[in-house]
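Written out below as structure tokens is the structure these notes cover.
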Amino acid sequence: TELHDMPCVQFRLGKWGDTAVPLPIEDSPDGGFTAILCFSVTKWIHLNHGDIGLMHLFRQVHGCLKPGGIFVLEPQPLKSYRKVYCFSAQMKRIACEIQLLPEKFANFITSGVFHPGFKLLSRHSPEGANDRSH
């Protein structure tokens, strides 16, 4: 296969968890993305924007994926939230209000909240995922 025959890979940066910053589908190529990768960001969205920010992230991903597209999500375990050294007063307040725990993200996005729904292909529970203490 020659290089020009390879599918195009594009990287997009955005504030996917900030409800004040919409990510319109027009920003995506050909009306949607084939895959969206979300590595090591859910903790930061959660601590800065709470459960609402994560729900916004999931809604944005759902709206930007092409039919049959793949969403790869790496949620950080809740115990890693305690290791944040730059906790502001607002982050501490938000952390205490978290209801949507990282180990429940997959259940949430496959629960039928989105139509058509996300389909779970694989799940890995990182060590410490069930540790609720902050």
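Just the heavy atoms: all of them, side chains too, but no hydrogens, waters or symmetry mates, feed the values below.
- The nearest pair of heavy atoms linking Gln76 to Lys43 is OE1-N, 2.8 Å.
- Counting all heavy atoms, side chain and backbone alike, Pro102 lies closest to Pro77 at CG-C, 4.4 Å.
- Partners of Lys92 according to the side chain to side chain contact (heavy atoms under 4.5 Å, CB included) rule, which considers only residues two or more places apart in sequence or in another chain, are Phe87.
- Separating the CZ atom in Phe33 from the CG atom in Leu65 is a distance of 9.0 Å, to the nearest 0.5 Å.
- Between Cys64 and Ile36 the shortest side-chain heavy-atom distance falls below 4.5 Å.
- Residues satisfying the side chain to side chain contact (heavy atoms under 4.5 Å, CB included) criterion with Ser111, sequence neighbours excluded, are Val113.
- Taking CG of Leu57 as the start and OG1 of Thr19 as the end, the distance is 12.0 Å to the nearest 0.5 Å.
- In this structure, the side chains of Leu73 and Pro75 come closer than 4.5 Å at one or more pairs of heavy atoms.
- For Glu74, the side-chain hydrogen bond (donor to acceptor under 3.5 Å, both in side chains) partners are Ser40, not counting sequence neighbours.
- A single hydrophobic cluster is not seen to contain both Ile52 and Phe108; linkage of ILVMFWY side chains at heavy-atom distances under 4.5 Å, directly or through other members, places them apart.
- Among residues two or more places apart in sequence or in another chain, the side-chain hydrogen bond (donor to acceptor under 3.5 Å, both in side chains) test is passed with Asp18 by none.
- By the side-chain hydrogen bond (donor to acceptor under 3.5 Å, both in side chains) test, Ser80 is found to be paired with no residue, residues two or more places apart in sequence or in another chain being considered.
- In the hydrophobic clustering, where aliphatic and aromatic side chains (Ile, Leu, Val, Met, Phe, Trp, Tyr) are joined below 4.5 Å either directly or transitively, Leu37 groups with Phe39, Ile70, Val72.
- The environment of Leu100 atom CG is dense: over 12 non-hydrogen atoms of other residues, nucleotides or ligands sit within 6.0 angstrom.
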- Message: As a quick check of understanding, evaluate side chain to side chain contact (heavy atoms under 4.5 Å, CB included) for His49 and Trp44, giving each step before the final call.
- Response: CA-CA 8 Å; His49 304 286; Trp44 301 109; over 6 Å; no
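- Here the straight-line distance linking atom CZ of Arg93 with atom OG of Ser88 works out to 9.0 Å at 0.5 Å rounding.
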| field | Derivation of the side chain to side chain contact (heavy atoms under 4.5 Å, CB included) call for Ile45 and His56 | value | CA-CA 10 Å; Ile45 292 171; His56 184 70; over 6 Å; no
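- Between the Asp51 side chain and the Ile98 main chain, no donor and acceptor come within less than 3.5 Å of each other.
- The side chain to side chain contact (heavy atoms under 4.5 Å, CB included) search around Thr34 returns Lys66, not counting sequence neighbours.
- Taking both residues in full, the closest heavy atoms of Leu120 and Ala106 are given as CD1-CB, 4.1 Å, listed atom of the first, atom of the second, then distance.
- Every residue two or more places apart in sequence or in another chain that forms a ring-ring contact (aromatic ring centres under 6.0 Å, His included) with Phe118 is listed here: His62, Phe71, Phe114.
- Residues satisfying the side-chain hydrogen bond (donor to acceptor under 3.5 Å, both in side chains) criterion with Asn48, sequence neighbours excluded, are absent altogether.
- Separation of atoms NE2 (His46) and CD (Glu97) is listed at 10.5 Å; rounding is to 0.5 Å.
- Ile94 and Leu47 fall into different hydrophobic clusters, where Ile, Leu, Val, Met, Phe, Trp and Tyr residues are linked whenever their side-chain heavy atoms come under 4.5 Å apart, directly or through other members.
- Residues satisfying the side chain to side chain contact (heavy atoms under 4.5 Å, CB included) criterion with Leu121, sequence neighbours excluded, are Lys119.
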